[in-house]
Every structure is written in C-alpha cells, then in structure tokens.
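We use all heavy atoms of the structure for the numbers below, so side chains are in, but hydrogens, waters and symmetry mates are not.
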Amino acid sequence: PREARGRVSLDVFKEALSTGGVSKSDVERLAKALTETFNGKEMVFRAGKKTSFEDEWANLSSQSISAQDAWALAVQETQKRLLKDCGVDAQKVTIIESEHPYPATNHTWTKTVTLDEGAEMDVHFSDKCRTIDNRTTLAIIGGLMSKSSASLGTRVDAKIRTGRERVHGTVMGKVSE
C-alpha cells in the first residue's frame with residue numbers, strides 16, 4: 001500500500017523541510033501535491049495518488065539537498081517527536097532501519113551499534129514490520145564483551161576458528177583466572 005512507502009504529518013513535513021533550508025514556497029508546493037487526509041489527519045505521502053515526492057522534488061526550481069535527504073529530514077523529525085511523546089531521551093537512542101521495502105532477493109544487511117559499558121539495549125519493532133518469507137532472520141550479536149562482565153546466564157555467540165560456523169550458548173559457569 002502507498003502508506004507503507006512513507007507518510008509524515010503535514011506539520012512535521014513543513015517544519016523539517018523549512019529547517020532543512022527548503023524555501024517556504026517549495027514546501028507549500030510539495031505539500032499541496034502530496035497531502036491527503038488519512039485516518040482523520042493531514043498527512044504527506046511519499047507516493048501520492050498521482051505523483052511522488054521524488055517527482056515533485058525534481059520539478060522544484062532549486063534544490064540544495066537531494067530528495068532522499070529531504071524526506072529523511074521529515075522522517076527524523078517524526079522519530080524525534082515520537083520519542084519525546086514516549087518520554088525517551090533521543091540522545092540515548094539509535095534508530096536502525098533497513099531499506100523499505102528490502103529487495104526480494106538473497107540479501108544481507110548489517111548495522112553495528114556500540115553501547116557504552118554497562119548500557120542496556122532494548123529492541124522494538126514497529127507493528128508495521130513485515131518480512132518476505134519465514135526465513136528472514138535478525139541476529140543480534142554481542143561482540144567484544146569483557147570477560148568480567150559475562151555473568152551466569154549471559155548469552156554468547158562465538159566464531160569457530162576453523163571456518164565460518166558460529167556457536168551460540170549461555171554462560172553456565174566461570175573459571176577463575
């Protein structure tokens with residue numbers, strides 16, 4: 001569906017693009033071409049009924065940033081507001097997204113996130129998340145863990161030296177050094 005290609009609220013769209021240096025007249029032109037009412041709210045769709053954000057962007061007289069970067073500004077502002085509404089400090093959050101939609105081919109995508117020592121990680125999925133088939137997997141691997149912080153019950157992932165295989169397990173005990 002079109003809404004899965006991307007949509008942001010009209011007020012967020014206008015603020016994000018204006019902050020990003022897009023002229024007020026260009027923001028209004030884009031909004032006029034792409035705004036629709038969706039579930040009772042004025043939303044700007046990346047793929048409109050008759051046109052797309054990228055097509056309308058290409059028609060602007062001057063473009064200081066790319067269409068992709070401009071849309072990303074609106075998405076980032078939406079994420080920032082959502083985190084604020086949920087009481088989450090945006091400075092302590094990393095939002096990771098894969099390509100949407102991702103290619104329906106043999107595809108591998110990797111993103112590395114580094115946590116401060118002692119930090120925790122929560123993983124949340126949008127209720128709109130979908131995969132192409134039941135073989136799609138997500139692996140979260142805790143690497144570079146200090147031995148002193150691996151306590152009983154810690155899940156581990158170890159690479160086997162002789163090949164590409166990996167062993168997954170749980171720390172059941174520790175040997176004193």
Within this structure, what is the CG-CD distance for the pair L82 and Q79, rounded to the nearest 0.5 Å? 8.0 Å

What's the spacing between K32 NZ and E56 CD if we round to 0.5 Å? 11.0 Å

In short, ring-ring contact (aromatic ring centres under 6.0 Å, His included) pairs touching residues 62-82 with sequence neighbours left out are F53-W71

Please tell me if the side chains of L60 and R29 come closer than 4.5 Å, counting only heavy atoms from C-beta onward. yes

Can you list the residues that meet the side chain to side chain donor-acceptor pair (under 3.5 Å) rule with S52, with sequence neighbours excluded? D55

Output for pair (E15 CD, T78 OG1), nearest 0.5 Å, gives 10.0 Å

Nearest heavy-atom contact between T51 and A33 is CG2-O, 4.0 Å

Scanning both residues in full, the closest heavy-atom pair of A31 with L10 reads CB-CD1, 3.7 Å

Note, E36 side chain near K41 side chain (heavy atom, < 4.5 Å): no

N/O donor-acceptor pair under 3.5 Å between T37 side chain and G40 backbone: no

Listed partners of E54 passing salt bridge (charged side-chain N to carboxylate O under 4.0 Å, His left out), at least two apart: R46

Looking only at heavy atoms, which two atoms of L17 and A70 are closest? And how far apart? CD1-O, 3.5 Å

Sorted by chain and number, sequence neighbours left out, side chain to side chain donor-acceptor pair (under 3.5 Å) with S64 holds for none

Closest heavy-atom pair, A74 versus V12, reported as atoms and distance to 0.1 Å, is O-CG1, 3.6 Å

Taken in chain and number order and not counting sequence neighbours, the residues that satisfy side chain to side chain donor-acceptor pair (under 3.5 Å) with S9 are D11

Min side-chain heavy-atom separation E28-K14 under 4.5 Å: yes

Residues which pass side chain to side chain donor-acceptor pair (under 3.5 Å) with K80, listed by chain and number, not counting sequence neighbours: E77

Go through M43 and T35 one step at a time and tell me if the side chain to side chain contact (heavy atoms under 4.5 Å, CB included) criterion holds. CA-CA 5 Å; M43 305 294 287; T35 300; over 6 Å; no

Can L30 be reached from F45 by stepping across I, L, V, M, F, W or Y side chains whose heavy atoms are under 4.5 Å apart? no

Same cluster (ILVMFWY, side-chain, under 4.5 Å), V75 and I65: yes

